[in-house]
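In what follows, every heavy atom counts, from backbone to side chain, and hydrogens, waters and symmetry copies are set aside.
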Amino acid sequence: GVDGDLAQAPAVDAQGLDRAAAILAEAARDAEAGVRVLYAPNPVGTTAASETAKASANLAMALRGRDAARILVTLPAEANVHGMRDAGVTTGAGGLTFDAMIDATLKGDLKALVVAGDNPLMFAPGTKRIREALTKLDLLAVIDGTLTDTAKLAHVVLADAPAYAKDGTFANAERRVLRLTPAIEADGDARPALDTLLALARALGADWSFDNAADVRAAMPPSPLAEVTRAKAQTVAAPASRARDGLALFTARTLYTSWEGASVHSPEADKLHREEFAQVNPADAVALGISQGDEIALRNDGGELTIRAEITNAVPQGAVFVPSYYDGGAVMALFTGEAAQTGVAQVTVAVKAKV
């Protein structure tokens, strides 16, 4: 059954939850039933992502006990996140998290930054703060194959080769290591990011013993999730999902918008123009005087985003959804302060005056 609070939550259908619970209960009783728990964290809201990960793990344990790891599959926001972690590219060795780097830069403690294959001005919440930090650096070096907003701010851009011109591996959602061999030649002076990083490390006097991708593969440890030694349910805190005033703004990646196109603000990033709207519930549209296709302004202390409205029941009353890739991640500017952790921003919404 469904408890009273959950049954009354926005956009939660009690009957549907009861049916889902019955299906999962049957799967738990049948040890041979094919069942998987898939978890895809949202690109915004680290606290919410952590709590949802706990809930996903709890569900997997409820279904399969100590064999939970065999049915729990996480789908990270970007390719090869699992491979990066398995290779030891984490903050566990004394490094700074991204937020800590930004804080240190704003305080004047961090003077130089190398950004390899990333575009924080598109992906990171609180765009104004990120831009302020990047422009304060004495040296910003970017290794990328696309001239992103971050690359445009760089003091030096080192051209990265495309993925299929590289030698290396990917770790998929099952933590299987997949081999990647060069299928094309890199254009111009582009070179694989690994070669650039190795040359940079040597120039700085680092005693790295790697000469190529094969050396890196040989040094990689086994997957830290190869064997589960214990399984214990964790308490999950429900993150805030309502705005005190205005509407609650959510974002996530969508299916049809090109990452490369969005990175350079191409008007053809979504060639069929299916994902260039803010989705608004019909009840909110009536209350705010919004019609289908109207230009609306979403505002908070992070700035203002102008975008056309799509009236739909796909979002619950009291919420508005904007794709995270729209206009090169323009919505990220509105996720400031606590909203960067919860993944829910508070915005006022108004129809733009027609000229």
Quiz prompt | For E26, salt bridge (charged side-chain N to carboxylate O under 4.0 Å, His left out) partners two or more places apart | solution = R29

Practice problem: Supply the members, apart from Y256, of the Ile/Leu/Val/Met/Phe/Trp/Tyr cluster built from side-chain contacts under 4.5 Å; use none for a lone residue. | Solution: L255

Practice problem: Check side chain to side chain donor-acceptor pair (under 3.5 Å) between T348 and all other residues, then give those that pass, not counting sequence neighbours. | Solution: none

Quiz item: Going through the checks in order, is the side-chain contact (heavy atoms from CB on, under 4.5 Å) test met by D86 and R175?
Solution: CA-CA 9 Å; D86 290 349; R175 308 303 282 269; 2.5 Å; yes

Quiz item: Quick one: salt bridge (Lys or Arg N to Asp or Glu O under 4.0 Å) pairs with a partner in residues 293-303, sequence neighbours left out?
Solution: D294-K354, R299-E304

Self-check item: Closest approach of A79 to F170 (non-hydrogen atoms, all atoms of both residues)
Solution: CB-CE2, 4.3 Å

Quiz prompt | For F98, the rest of its hydrophobic cluster, which grows through side-chain links under 4.5 angstrom | solution = L96, M101, I102, L106, L110, L113, V115, L121, I130, L134, L137, L140, V142, L153

Exercise. Decide, yes or no, whether a salt bridge links K54 with E51 under the criterion of side-chain N to carboxylate O below 4.0 Å.
Key: yes

Exercise. For residues A269 and A262, report the shortest heavy-atom separation together with the two atoms involved.
Key: CB-N, 3.6 Å

Quiz item: For the residue pair L147 and V264, what are the closest heavy atoms and their distance?
Solution: O-CG1, 3.8 Å

Determine all donor-acceptor pairs shorter than 3.5 Å in which one atom belongs to a side chain in residues 179-198; sequence neighbours excluded.
from, atom 1, to, atom 2, distance (Å)
R179, NH1, D167, OD1, 2.5
R179, NH1, G168, O, 3.3
R179, NH2, D167, OD1, 3.1

Quiz prompt | Side-chain heavy-atom pair V280, V315 within 4.5 angstrom cut-off | solution = no

Self-check item: All pairs passing side-chain hydrogen bond (donor to acceptor under 3.5 Å, both in side chains) where residues 101-116 contributes a residue, at least two apart
Solution: D103-R129

Quiz item: Side chains of Q341 and T46: do they bring a donor and an acceptor to under 3.5 Å?
Solution: yes

Quiz item: Can you list every pair that meets salt bridge (Lys or Arg N to Asp or Glu O under 4.0 Å) and has a residue in residues 199-209, with sequence neighbours left out?
Solution: R202-D211

Quiz item: Taking only residues at least two apart or on different chains, which pairs with a member in residues 130-146 satisfy salt bridge (Lys or Arg N to Asp or Glu O under 4.0 Å)?
Solution: none

Practice problem: May I have all residue pairs that pass salt bridge (Lys or Arg N to Asp or Glu O under 4.0 Å) and include part of residues 71-81, sequence neighbours excluded? | Solution: E78-R253

Quiz item: Transitive ILVMFWY cluster of V236 at side-chain heavy atoms under 4.5 Å: who else is in it?
Solution: none

Self-check item: Set of salt bridge (charged side-chain N to carboxylate O under 4.0 Å, His left out) partners for D270, sequence neighbours left out
Solution: R274

Quiz item: For Y39, which of V73, T74, L59 qualifies under side-chain contact (heavy atoms from CB on, under 4.5 Å)?
Solution: T74

Quiz item: With a 3.5 Å cut-off and no angle check, do the side chains of H265 and D327 form a donor-acceptor pair?
Solution: yes

Quiz prompt | Between T257 and E275: side-chain donor-acceptor atoms closer than 3.5 Å | solution = yes

Quiz item: Under 6.0 Å from the CE atom of M84, do we count more than 12 heavy atoms belonging to anything else shown?
Solution: no

Quiz item: For G45, does its backbone N or O pair with a side-chain atom of T342 as donor and acceptor, under 3.5 Å?
Solution: no

Quiz prompt | Donor-acceptor contact below 3.5 Å, side chain Q279 vs main chain F321 | solution = no

Self-check item: K152 atom NZ: more than 12 heavy-atom contacts under 6.0 Å
Solution: yes

